[in-house]
Participant: 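Please find one structure pasted underneath; my questions will follow.
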Amino acid sequence: MKTNSLYIASIEPKSGKLLITLGLMELLSRRIKKIAFFRPVIDKNSDINSNGSDNDINLIRSLYCPDMDYDECYTFELEEVKTLASQGKTKQFYERLLVHFKELLKKYDFVLCEGLNSSGFLSIFDNNINLEIAKNLGIPFTGVINGINQNAREVQTEITITENIIRNSGCTHFSTFVNRLSSEAIETLKIDNTSVTGNIPVFLLPEESELDKPTLADISKSLNASFVLGSSDDLFRVVQQFKIATMTIEHFLNYIEDGDLIIVGGDRADILLASVCALSSQHYPNLSGILLTGGYTPQTNMLKLLQGMEIPVPILSVPSDTFRCIRQLEKVPAEITAENQRKIALGLGLFDAHISVNNLIQRAQISMSSSMTPIMFEHVLFERAKSKLMSIVLPEASDERILRATEILLRRQVVNIILLGNKTEILAQSASLGLDIEAATIIDPTQSNLLKPYIRTFFELRQHKGLTMEAAADAMADISYFATMMVHQGQADGMVSGAIHTTGDTIRPALQIIKTSPNISVVSSVFLMCLETEVLVYGDCAINPDPDAEQLSEICISSAETASLFGIEPRVAMLSYSTGSSGRGKDVDKVREATLIAQKKCPDLLIEGPIQYDAAISPEVASTKLPDSPLAGRASVFIFPDLNTGNNTYKAVQRSSGAIAIGPVLQGLKKPVNDLSRGCLVADIINTVAITAIQAQSIQQEQ
């Protein structure tokens, strides 16, 4: 069934429909250039957040279709539909929907539609309004069933009923998702071969309790809470349960559990201090936050005392009394919002782990787009990395950004993560940040049984350079050296470092232990420059200040190999201030010589040089400056003559065009080691780890 649109809707309340939408958008974004998200009808009473906009639209736009205008993403508000229906104007309703939908199909390659929540169904329509819309717009329908607290037989019945409802409505039935199932129900359904009934695929997803629990951000928004102390980064902690503190401190401490939100009158300084002390103690659970009621906040001296402490969770305040506060808390929805990267990662990881992506792609007959947008490229990185899980060691586990990236990578099931450091301290720090990194392997180099063999191996590698056994032991006490040795010895497939270390700290151990690949004498780097419709490769922009002709030829060859690894056809431009034979001078001659060396080493590789940037990338300029070149005007790999030129150019392009620069990606080593900038963001760490995993996969395939 080849289709350019799909309609997703739940047949019943609280099915977790947004999770399915999120998973399908992720799948589509890896393959299709321009995707639209469309909600025909939104319900102002249930869908709209405190900012006056639809949460699902905000989430999907921010992740997958940022170029869409908000108003493009819906046609009607529910109250308007009710008015039209009561006036007998349902025809006008469908006509306006169809016009809007057709306009989206003209502008976008695929339109994913999400239906009205089941609580907003209209009795005035003969059938479910979502089925009616899908039928009238001619969009294949995917139903979502809430499987919570149902056994396998009950789910089977639900699947059959859903299929009958969709078939009888006149819609084209694309697939059915059953969400929030117990693991027992999933296993039974798989064993009984009921995951597919007839020709309609049925996909099964387990219940994930965290997705159904509110975060502090959800609570703060719903209750309009004010910040007393803490960081807004910590608002995405999940609240496992509420604890009302009315007892004395002695008894109160007996009842607190991990993930508690402590609700206490703002004038109870004793409970507030006890909660803060519990957070600092290794003998008590980690709380998610503290909510002060009654409009009371700590007075001057108490506030001064608290501000002098490290309080790892937010302290919030609401004007309502404790009783009203609890009533309000019971109604707080557990949302997946654009800002909550933790829940997004958990949801996407859950979807990928349990859904047969190939079945969906084949059924929709979705093919890969010929162009590559930044969003597509980043999602393809994840897909490639997940195809075979590699173990990546992150030695800088004391850095908060590393721990936050670790949680997301583990939840997305992109790689296996190894962290270096004291296990108790790392777990305590991650718990204080509200993170779940239990799936990571944590190794303390000082206590590891790997330490002595590593010291011996390093001594043997470097004794010809005068290294003593004592110096080898000192080196292995450094986490960068220990992590590099893990990669060398095969205990890890790759390493990523540099968040709190210099580039030299990362590369020096790799050169001494892992060494360069055969026929390569220089470690270099590239940036993957994600432009609007394509990804280009820039090298070397981070490592070598002034490579000679031989080194420049090696950088050319390594960069072409890196391009191929990431699905970019290598057409290499050796850049200079002169094109062809028009110029002379030391710098031009270096590039000309490097081009000849590279062409001789790799005769099948398309290389042109010396060539100016405009002639390399613009067909119009190329037709004038180098009309007979098979590469000019369509280069994909750009080799700069020196670091000064390369570093400034990549930054100029990044800042001027809005391109996403992924890197630096190190190349030329026998095994992958990659460097982070000390100002890196969590997203940079995640991308670099995914790239390292892909490099490791390639090396493993070659061996």
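These figures come from a predicted structure and were not determined experimentally. For this chain, numbers begin at 1 and follow the sequence in order.
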Participant: If the threshold is 4.0 Å, N to carboxylate O, is there a salt bridge linking D234 and R404?
Facilitator: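 Yes.
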Participant: Within the distance-only criterion (no hydrogens, no angle test), does the side chain of R39 pair as donor or acceptor with the backbone N or O of C113 below 3.5 angstrom?
Facilitator: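 Judged by distance alone, no pair lies under 3.5 Å.
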Participant: Would you mind checking if R96 and E80 are paired as a salt bridge, meaning a charged N to carboxylate O distance below 4.0 Å?
Facilitator: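 R96 and E80: salt-bridged.
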Participant: Under 3.5 Å, is there a donor-acceptor pair between the side chain of S387 and the main chain of R384?
Facilitator: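 Indeed, once roles are kept as given, a pair shorter than 3.5 Å links the two residues.
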Participant: Can you tell whether the side chains of R61 and D71 come within less than 4.0 Å, N to carboxylate O?
Facilitator: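 A salt bridge is absent here (no side-chain N lies under 4.0 Å from a carboxylate O).
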Participant: Can you tell me if K386 uses its side chain to pair, donor with acceptor, with the backbone of R412 under 3.5 Å?
Facilitator: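 Pair found, side chain donor or acceptor close to backbone of R412.
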Participant: Does the pair R180/E208 count as a salt bridge with the N-to-O cut at 4.0 Å?
Facilitator: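 Salt bridge absent between R180 and E208.
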Participant: With sequence neighbours left out, what residues match Q92 under side chain to side chain donor-acceptor pair (under 3.5 Å)?
Facilitator: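 Q92 satisfies side chain to side chain donor-acceptor pair (under 3.5 Å) with no residue once adjacent residues are dropped.
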Participant: Could you list all the salt bridge (Lys or Arg N to Asp or Glu O under 4.0 Å) pairs where at least one residue sits in residues 138-158, not counting sequence neighbours?
Facilitator: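 For residues 138-158, and leaving out neighbouring residues, there are no salt bridge (Lys or Arg N to Asp or Glu O under 4.0 Å) pairs at all.
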Participant: Is it true that H100 and Y74 have ring centroids separated by less than 6.0 Å?
Facilitator: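 For H100 and Y74, the ring centres are not under 6.0 Å apart.
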Participant: Before accepting this row, confirm whether a basic side-chain N of the pair K213/E210 lies closer than 4.0 Å to the acidic partner's carboxylate O.
Facilitator: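 A salt bridge is absent here (no side-chain N lies under 4.0 Å from a carboxylate O).
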Participant: Cut-off 3.5 Å, side chains only: do N179 and S15 have a donor facing an acceptor?
Facilitator: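 Checked: N179/S15 side chains show no N/O donor-acceptor pair below 3.5 Å.
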Participant: Identify whether the distance between the nearest side-chain nitrogen and carboxylate oxygen of K107 and E72 falls below 4.0 Å.
Facilitator: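 Yes, this pair counts.
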Participant: Could you check whether R31 pairs with E383 (Lys NZ or Arg NE/NH1/NH2 to Asp/Glu carboxylate O, under 4.0 Å)?
Facilitator: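 Judged by the 4.0 Å cut-off on N to carboxylate O distance, R31 and E383 do form a salt bridge.
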Participant: I'd like to check the side chain to side chain donor-acceptor pair (under 3.5 Å) partners of S320; sequence neighbours left out, ordered by chain and number.
Facilitator: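 Checked S320 against side chain to side chain donor-acceptor pair (under 3.5 Å); matches are Q328.
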Participant: Using the ring of each side chain (for Trp, its six-membered ring), is F101 parallel, tilted or perpendicular to F38, with breaks at 30° and 60°?
Facilitator: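 Parallel.
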Participant: Taking atom CD as the centre, does E95 end up with more than 12 heavy-atom neighbours from other residues, nucleotides or ligands that are less than 6.0 angstrom away?
Facilitator: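 Yes, the 6.0 Å shell around CD holds more than 12 heavy atoms from other groups.
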Participant: Tell me yes or no: between the side chains of H173 and E163, is some donor less than 3.5 Å from an acceptor?
Facilitator: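 The answer is no; no qualifying pair exists.
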